[in-house]
Amino acid sequence: MTGTLMAAEMAEQPGVLAGVLRRAETDAEAIQAVLPHPLAGTMFLARGSSDNAAVFGRYLAELRSGRPAGLMAPSLYTRYHAAVDWSGFLVVALSQSGATPEIVRTCADLRASGAVVIGLTNLPGSPLAEVVDGELLARAGPERAVPATKTVTAQLALLVTVTSALSAALPRSDGAGELAGLPDAVAAVLDDPGPARNLAARWQGLDRLVVAGRGLAYAAALETALKIKETTGILAEGISTADLLHGPIATVYAGAPVLLIEGGGPADTDLADLRNLLAARGAEQAGLPLPHGLPETAQVITAVVRGQQLARELALARGADPDAPAHLSKVTATT
């Protein structure tokens with residue numbers, strides 16, 4: 001039982017994020033140089049934690065570009081061999097390692113079908129770089145703990161850069177301004193592990209957990225649930241607060257634990273009604289504090305860091321090693 005690798009990599013996040021922001025203007029110019037004109041839409045291709053980051057990007061891309069955006073299914077190309085005309089589309093492929101076979105192969109197929117493909121990965125020289133029109137790097141350094149932390153928040157910050165470059169209203173924006181306070185906010189969260197540690201002590205005996213958020217915060221809910229699953233084996237489900245109010249609310253009974261994620265945006269208005277419903281059902285609801293006054297994009301990224309804290313603390317409280325969860329490897333070679 002250690003968790004030292006995960007803790008060390010989490011602690012690097014303020015510096016990694018500051019680096020992403022320093023490069024934001026250059027990265028935005030690189031995106032704008034290859035964008036299709038006119039832009040038909042933006043699609044996101046990813047797996048694992050990168051797929052959760054892609055949800056964040058999908059929301060921002062549609063909001064900022066005024067064009068449709070969505071998430072792609074790699075199996076359509078690797079298993080069903082779909083023939084689709086992607087002319088005019090931007091595809092953003094996210095892969096921390098840049099080595100997942102299905103992501104690399106699908107990018108090659110999409111590019112051959114007319115898409116402009118941008119790769120977001122951590123370090124240069126990956127197989128992904130060979131099959132894309134442009135590459136943005138997190139430059140987070142090697143990540144040795146199995147649960148991804150610094151590479152995920154770096155991807156989220158890069159997606160702010162990418163989607164700002166799509167904005168018709170601000171064609172020269174790089175997104176760095178709205179994230180200016182992010183490195184300090186993440187540092188403040190990392191310096192304050194008490195709330196996550198206290199909640200982990202309270203919830204260490206869980207066998208399942210619902211993590212709910214809406215809008216941009218939905219991505220943080222998905223990623224927090226994934227981190228908890230990876231590090232602890234708890235069956236945690238990330239879900240939109242709107243979806244929770246449909247059939248899944250039947251699983252939330254007296255004493256059932258629910259973690260609520262606040263994104264600091266317009267979708268948070270649903271949380272008040274959900275809190276009342278959870279209280280009426282006797283559910284055990286909780287939240288984790290975040291720094292005040294952040295733009296929504298920065299608050300959501302900071303919420304992801306809080307989720308990392310909770311996952312690590314839960315694993316330690318349960319006697320597990322969050323650095324190397326059983327039966328998991330750093331790179332999953334899906335095809």
Side-chain angles (χ1 to χ4, degrees), residues 26-138 151-152 154-156 158-168 171 174-175 218-219 222 331-335:
T26 300
D27 285 346
E29 290 173 353
I31 295 294
Q32 290 164 344
V34 299
L35 278 180
H37 294 288
L39 177 67
T42 305
M43 302 297 290
F44 294 85
L45 176 67
R47 286 292 191 202
S49 286
S50 295
D51 209 16
N52 297 333
V55 170
F56 181 75
R58 176 256 182 271
Y59 275 74
L60 287 176
E62 194 158 320
L63 282 168
R64 292 176 169 182
S65 71
R67 306 300 299 160
L71 306 178
M72 302 194 71
S75 64
L76 282 170
Y77 299 90
T78 63
R79 294 293 183 265
Y80 292 92
H81 309 293
V84 180
D85 182 357
W86 286 103
S87 301
F89 277 84
L90 175 70
V91 173
V92 182
L94 298 92
S95 173
Q96 292 149 23
S97 67
T100 302
E102 67 174 336
I103 301 300
V104 175
R105 176 179 164 184
T106 302
C107 284
D109 288 348
L110 295 170
R111 195 176 177 204
S113 298
V116 170
V117 182
I118 299 295
L120 271 59
T121 189
N122 185 25
L123 298 172
S126 71
L128 184 64
E130 302 298 319
V131 294
V132 297
D133 296 285
E135 185 180 41
L136 300 189
L137 297 174
T151 54
V152 178
Q155 281 185 340
L156 292 166
L158 283 171
L159 285 168
V160 174
T161 298
V162 171
T163 57
S164 294
L166 306 181
S167 173
D174 57 31
Y218 178 41
L222 291 170
V331 178
T332 304
T334 50
T335 60

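This is a predicted model, so every value here is computed, not measured.
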So, do [X] and [Y] sit near enough that their side-chain heavy atoms are less than 4.5 Å apart?
| X | Y | result |
| --- | --- | --- |
| Leu110 | Met43 | no |
| Asn122 | Leu137 | no |
| Leu35 | Val116 | no |
| Ile31 | Leu136 | yes |
| His81 | Asp109 | no |

Minimum heavy-atom separation for [X] and [Y], please, with both atom names.
| X | Y | value |
| --- | --- | --- |
| Ala54 | Leu71 | O-CD2, 3.7 Å |
| Ala115 | Asp133 | O-OD2, 3.9 Å |
| Arg67 | Gly41 | CB-CA, 4.1 Å |
| Ser65 | Leu39 | CB-CD2, 4.1 Å |
| Ala138 | Ala154 | CB-CB, 3.6 Å |
| Glu102 | Pro74 | OE1-CB, 3.3 Å |

So how far is it from [X] [atom1] to [Y] [atom2], rounded to the nearest 0.5 Å?
| X | Y | atom1 | atom2 | value |
| --- | --- | --- | --- | --- |
| Ser97 | Leu128 | OG | CG | 8.5 Å |
| Leu120 | Leu45 | CG | CG | 11.5 Å |
| Arg111 | Thr106 | CZ | OG1 | 14.5 Å |
| Glu29 | Thr161 | CD | OG1 | 11.5 Å |
| Glu130 | Glu135 | CD | CD | 9.0 Å |
| Arg58 | Met72 | CZ | CE | 13.5 Å |

* Run the numbers on Val160 and Phe56 for side-chain contact (heavy atoms from CB on, under 4.5 Å), then give the verdict. => CA-CA 9 Å; Val160 174; Phe56 181 75; 3.9 Å; yes
* Check Val132, Val117, Ile118 against Val34 for a side chain to side chain contact (heavy atoms under 4.5 Å, CB included) and give me the one that passes. =>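 It is Ile118, the one option of Val132, Val117, Ile118 that forms the side chain to side chain contact (heavy atoms under 4.5 Å, CB included) with Val34.
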* side chain to side chain contact (heavy atoms under 4.5 Å, CB included) partner of Phe44, chosen from Asp51, Val91, Leu90, Leu159 ->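 So, applying the side chain to side chain contact (heavy atoms under 4.5 Å, CB included) to Phe44 and each of Asp51, Val91, Leu90, Leu159, only Leu159 qualifies.
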* On the 0 to 90° scale, with breaks at 30° and 60°, tag the Trp86-Tyr77 ring pair as parallel, tilted or perpendicular. =>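 Taking Tyr77 first and then Trp86, their aromatic rings sit tilted (interplane angle of 30° to 60°).
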* To do: Ignoring hydrogens and angles, state whether a donor on the side chain of Arg64 or Ser164 is under 3.5 Å from an acceptor on the partner side chain.
  =>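 Present: a donor and an acceptor within the cut-off.
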* Asked: Going by atom types only, do Ser50 and Gln155 share a side-chain donor-acceptor pair under 3.5 Å?
  ->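 There is such a pair between these side chains.
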* Can Val131 and Cys107 be said to form a side-chain contact (heavy atoms from CB on, under 4.5 Å), step by step? -> CA-CA 6 Å; Val131 294; Cys107 284; 3.8 Å; yes
